[in-house]
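In what follows, chains are A, B, ... by sequence order, proteins preceding strands, each numbered from 1. Side-chain atoms are counted along with the backbone in the values below, which use heavy atoms only and exclude waters and symmetry mates.
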There are 2 protein chains.
Amino acid sequence: MDLNNLKGCRNSKNRNAIIEILDSAIEPVTADYIYKKLRELNPTASISTVYRSLEKLTANNIVTKSIIMDSNKAMYELNRKTHKHYFICTNCNKMVPLENCPLEELEKNISKNTGFNITGHKLELYGKCSSCSK
Amino acid sequence: MDLNNLKGCRNSKNRNAIIEILDSAIEPVTADYIYKKLRELNPTASISTVYRSLEKLTANNIVTKSIIMDSNKAMYELNRKTHKHYFICTNCNKMVPLENCPLEELEKNISKNTGFNITGHKLELYGKCSSCSK
DNA sequence: TTGGTTGCAAAACGTTTGCATGTGC
DNA sequence: GCACATGCAAACGTTTTGCAACCAA
């Protein structure tokens, strides 16, 4: 995370705090979650600051944005080196990270066959987690 | 597509028209796209009818709803028997269906290892399509 | 000084809902 | 007749934007 190297960015307390909030979150979180946590540190912070920071952070690949099915909110998480996929429980909405990414070979094959220049992917598994399927 | 077997549904011109619109669409489309097409047939149709129809259709597994990255709109497509995944161009937003689904074995393994009851998945590949990567 | 950053309020956007009316069966 | 379907307008929740003030470099 080279926080001081963001294109067209100055140092910002709010943005740094947002990164810390994301860093201490285990699962992807919503903008509103970040906003509430940020208000604990800076009671006058505004939701627009959250969105504007997240936009810069995603543009700089520090943060990953995703939108899960049947929800209209975006989820944000720190773009850690370890590539992650999630299992999402359709009952309790828990997001459980999976260990491995099985798609690297697949991507290579598809690139070859189609001429697409694949730069990333998203895989989500849906179903019921062990506690919800009881 | 057993259109006459929808749970708690009567025959409806609008809903049938929506199915036809989805059927003639090659790619997943937005609710607004459907609304505009529907207005060509029924100029007084309303957007709420579109959403209400789509809700019933997804509940009955006639239609699949998905939300793609960096967009806040849902995309709808007819749930054809053939299981599909898409390559999505980050430049022109084109969605190109992929031929095979490579995840069936993977699901089995994860189910075994984690105890999750996996009922579905979503896989999207991102990058530049052949014309945009020129 | 320059240009990114912030807070506030308002707007925009996709989607949902309440209600009264219409329609299939 | 009953329950679903519809159009309209209003509401909703999330995200974006305009603007003036602020602050980092």
- Heavy-atom distance under 4.5 Å between the side chains of B/Leu57 and B/Leu78, does that happen here?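 B/Leu57 does not reach B/Leu78 side chain to side chain.
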- Query: Can you check whether B/Thr30 reaches B/Tyr76 side chain to side chain, under 4.5 Å on heavy atoms?
  - Reply: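 Side-chain contact under 4.5 Å: no.
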What is the distance from [atom1] of [X] to [atom2] of [N], rounded to the nearest Å?
X       : N      : atom1 : atom2 : result
B/Lys13 : C/dG22 : NZ    : P     : 17 Å
A/Asn14 : C/dG4  : CG    : P     : 17 Å
B/Tyr76 : C/dG14 : OH    : P     : 12 Å
B/Asn16 : D/dC4  : CG    : C1'   : 14 Å
A/Asn11 : D/dC22 : CG    : C1'   : 15 Å
A/Leu57 : D/dT15 : CG    : C1'   : 16 Å

- To the nearest 0.5 Å, tell me how far B/Lys13 NZ sits from B/Leu38 CG.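 Going from NZ on B/Lys13 over to CG on B/Leu38, the span is 11.5 Å.
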- Message: Once rounded to the nearest 0.5 Å, what's the spacing between atom CZ of B/Arg52 and atom OG of B/Ser46?
- Response: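 Answer rounded to 0.5 Å: 6.5 Å.
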- Residues in contact with DNA chain C, drawn from residues 27-37 of chain A - heavy-atom cutoff 4.0 Å: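 Within this stretch, nothing sits under 4.0 Å of the strand.
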- Side chains of B/Asn42 and B/Thr44, donor plus acceptor under 3.5 Å: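 Yes.
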- B/Tyr33 vs B/Ile21, side-chain contact (heavy atoms from CB on, under 4.5 Å): CA-CA, chis, key distance, verdict: CA-CA 9 Å; B/Tyr33 170 91; B/Ile21 291 166; 4.1 Å; yes
- Start with the C-alpha distance between B/Asn79 and B/Ile62, add both sets of side-chain angles, then the distance that settles side-chain contact (heavy atoms from CB on, under 4.5 Å), and finish with yes or no. CA-CA 5 Å; B/Asn79 191 8; B/Ile62 311 267; 5.8 Å; no
- Message: Any residue in residues 38-56 of chain A with a heavy atom nearer than 4.0 angstrom to DNA chain D? Just list them by number, or reply none.
- Response: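 The stretch gives A/Ser48, A/Tyr51, A/Arg52 as the residues lying under 4.0 Å from the strand, ordered by number.
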- Task: Specify the residue among B/Cys9 and A/Arg10 whose closest nucleotide of DNA chain D lies further upstream toward the 5′ end.
- Result: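 The answer here is B/Cys9.
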- Query: Do B/Asp32 and B/Lys37 sit within salt-bridge range, that is, some charged N less than 4.0 Å from a carboxylate O?
  - Reply: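 Result for this pair is no, no salt bridge flagged.
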